[in-house]
Amino acid sequence: MAPSPRVRFAPSPTGFLHVGGARTALFNWLFARHTGGTFILRIEDTDTERTREEWVDGIQSTLRWLGLDWDEGPYRQSERAELYAEAAHKLVASGQAYVPEGEASVIRFRVPKEGVTSFTDLIRGEVSIKNDTLEDFVVVRSTGHPTFYMANAVDDVDMGVTHVIRGEDLLPSTARVLLLREALGTTEQPVFAHLPLLVGQDRQKLSKRHGDVALEDYRDKGYLAEALRNYLALLGWAPRDGREIVPIEDVVSEFQLEDVTKAAAYFDHQKLDHINGEYIRALPVATFVRESLPWLESDPPWPPENFDADVFDRMASLVQERVKTLAEVPGMVDFFFVDEVTYDEKSWQKAMKSPAAAVLDDAIVEYEKCEWEPTVLHQITLEVGERHGLKLAKAQAPVRVAVTGRSVGPPLFESLAVLGRERVLARLRAAWQRIGSEEEA
RNA sequence: GGCCCCAUCGUCUAGUGGCCUAGGACACCACCCUCUCAAGGUGGAGACACGGGUUCGAAUCCCGUUGGGGCUGCCA
């Protein structure tokens, strides 16, 4: 029986977890969960200059947010110095590594001048690299710290990693690491799977200059972890049945490395938005409310003390089906909590053309005495419109702009009902007066 | 430059020699539904980079060309 797979996600804590890294972590996690294997987290912090503890913490909390739990680790390479030193000593003693003249205290690996290093890649097939195209590379820096090649080779052997799943950008380094492993006395190879790169609009590897690459930013912009995770799984992989909204349990049970595509994928924000909208709409209303509260309570576009949780509760289900991110929620309900509406000029120009003033006038009269309930408000507005030869779509426009400030928003009559008669009437009168003063001017 | 990887609609993909007049999804357009906007429904436009082979038959296999990308660091 083949040993249970062991995979690792090995980020370097020199920055936040970015989208590409998260996808790599996800695919490792999916493979481990699918196969019943072990998912290891290993922090590759051999570059002491660039490593920062806040990144070590940040990467872990972001992985947790995404729901990617690890079974072992985090191991820290900075705490495993003696292993690498031992390996370096062994290489130097056997003549497979040396201290070059004029490059004080670094150690270089002596790459064999002949032969070919090849390996099996589950996604790309057999890959071969001629050894004579490789130069002797540094395995120990002048600081005494190991380089990526050394630490990576030693740790993968030591941790019994069976499958190396990582970005394609690391493909060329595979030959070096394999040569090192061999020199260290390890003959068996792990199985490799080099994932297609995630690219930006310019088709170049996703990096900081593309903006919006920090995973934590997506959380802060109102994306749901489940939605982001679902979208990330679709970058380079697709379920057999063509579904795109796929519960994570199904992804786990269907995921196979052999099915991963080879070509680089563009991270499409529009599709992410769509998927996030699907997830938001699928939320139980109570959950949607709970998830929305942070956006409503911190830095809202209204005086914070005006916020009324009951009002939001009543509107929640209507808002839920209209947003793609949680960040859009405050903008959908701001008119409930501001002291005075600010009119969107375009909406105003469009809605307040004649006979808008007359419609508002009639609405004020009728709204003053009618039963304050959505269906009644609906009916009355319909009738007011008819008096002026307007369909409801046209008749409701001035009311909507007067009350909410914009021509688009949640269903109007529910909104009026929740807002309350006094405030609605006050806003209708204010708008009516504004039309009057504009006509004079 | 050298080495390596890749190549189906704008984007993510399905497709593993005949089921392909190439399917789905996002985005886009039109219509329907409708109090606005969404959501939903229907329809539309839109791709096998090119050239050679192999084969009765190629998006699928092989070779080449072109194009794109990655690596080439005492980063990972």
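Convention: sequence-line order gives letters A, B, ...; per-chain numbering from 1.
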Novice: Say you pick atom C1' in B/rC26 and the same atom in B/rG64; how far apart are they, in whole Å?
Specialist: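 Between the two C1' atoms, the distance is 36 Å.
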Novice: Is the Lys NZ or Arg CZ of A/Lys324 less than 6.0 Å from the centre of A/Tyr279's six-membered ring, within 45° of the axis?
Specialist: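 Not flagged: A/Lys324 not positioned over aromatic ring of A/Tyr279.
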Novice: Looking for any heavy atom pair under 4.0 Å, which part of the strands does A/Pro410 touch: base, sugar-phosphate only, or nothing?
Specialist: base
Novice: Is the distance from OP1 or OP2 of B/rU36 to the nearest side-chain N or O of A/Lys394 less than 4.0 Å?
Specialist: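 False: A/Lys394 side-chain N/O out of range (4.0 Å or more) of B/rU36 OP1/OP2.
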Novice: Where the side chain of A/Arg400 is defined as all heavy atoms beyond and including C-beta, which of B/rA76, B/rC3, B/rC35 is the nearest nucleotide?
Specialist: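 Shortest atom-to-atom distance from the side chain points to B/rC35.
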Novice: To the nearest angstrom, how far is A/Glu135 atom CD from B/rC71 atom P?
Specialist: 16 Å
Novice: Can you tell me if the side-chain N/O atoms of A/Lys324 get under 4.0 Å from OP1 or OP2 in B/rA39?
Specialist: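 Result: yes.
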Novice: Determine the contact category for A/His378: base if any of its heavy atoms lies under 4.0 Å from a base atom, sugar-phosphate if only primed atoms, P, OP1 or OP2 are that close, otherwise nothing.
Specialist: base
Novice: For atom P, what is the distance between B/rG24 and B/rG2, given to the nearest Å?
Specialist: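 My reading of the P atoms in B/rG24 and B/rG2 gives 44 Å.
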Novice: Enumerate all atom pairs, one protein N or O and one N or O from nucleotides 43-47 of chain B, separated by less than 3.5 Å.
Specialist:
none

Novice: Reckon A/Leu272 touches a base, only the sugar-phosphate, or nothing at all at heavy-atom distances under 4.0 Å?
Specialist: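 No contact at all - A/Leu272 keeps every heavy atom at 4.0 Å or more from the nucleic acid.
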Novice: Test of understanding: with side-chain hydrogen bond (donor to acceptor under 3.5 Å, both in side chains), list the residues that count as partners of A/Arg124, not counting sequence neighbours.
Specialist: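 With sequence neighbours excluded, A/Arg124 shows a side-chain hydrogen bond (donor to acceptor under 3.5 Å, both in side chains) to no residue whatsoever.
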Novice: Write out a two-atom table: protein N or O, nucleotide N or O from nucleotides 9-18 of chain B, distance below 3.5 Å.
Specialist:
from, atom 1, to, atom 2, distance (Å)
B/rC12, OP1, A/Arg203, NH1, 3.1
B/rC12, OP1, A/Arg203, NH2, 3.2
B/rC12, OP1, A/Tyr266, N, 2.9
B/rC12, O2', A/Leu234, O, 3.1
B/rU13, OP1, A/Gly236, N, 2.7
B/rU13, OP1, A/Thr261, OG1, 3.4

Novice: Base, sugar-phosphate or nothing for A/Thr46? Non-hydrogen atoms, less than 4.0 Å.
Specialist: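 Sugar-phosphate: the residue A/Thr46, judged by heavy atoms under 4.0 Å, touches backbone atoms but no base.
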Novice: Would you list the pairs meeting side chain to side chain donor-acceptor pair (under 3.5 Å) in which at least one residue belongs to residues 395-409 of chain A, sequence neighbours left out?
Specialist: A/Asp334-A/Arg406, A/Ser347-A/Ser407, A/Gln396-A/Arg400
Novice: Base, sugar-phosphate alone, or nothing: which one does A/Thr404 contact when heavy atoms must sit under 4.0 Å apart?
Specialist: nothing
Novice: With A/Asp57, which residues qualify under salt bridge (charged side-chain N to carboxylate O under 4.0 Å, His left out), at least two apart?
Specialist: none
Novice: Sorted by first residue and then second, give each salt bridge (Lys or Arg N to Asp or Glu O under 4.0 Å) pair with at least one member in residues 78-87 of chain A; sequence neighbours left out.
Specialist: A/Arg80-A/Asp155, A/Arg80-A/Asp158
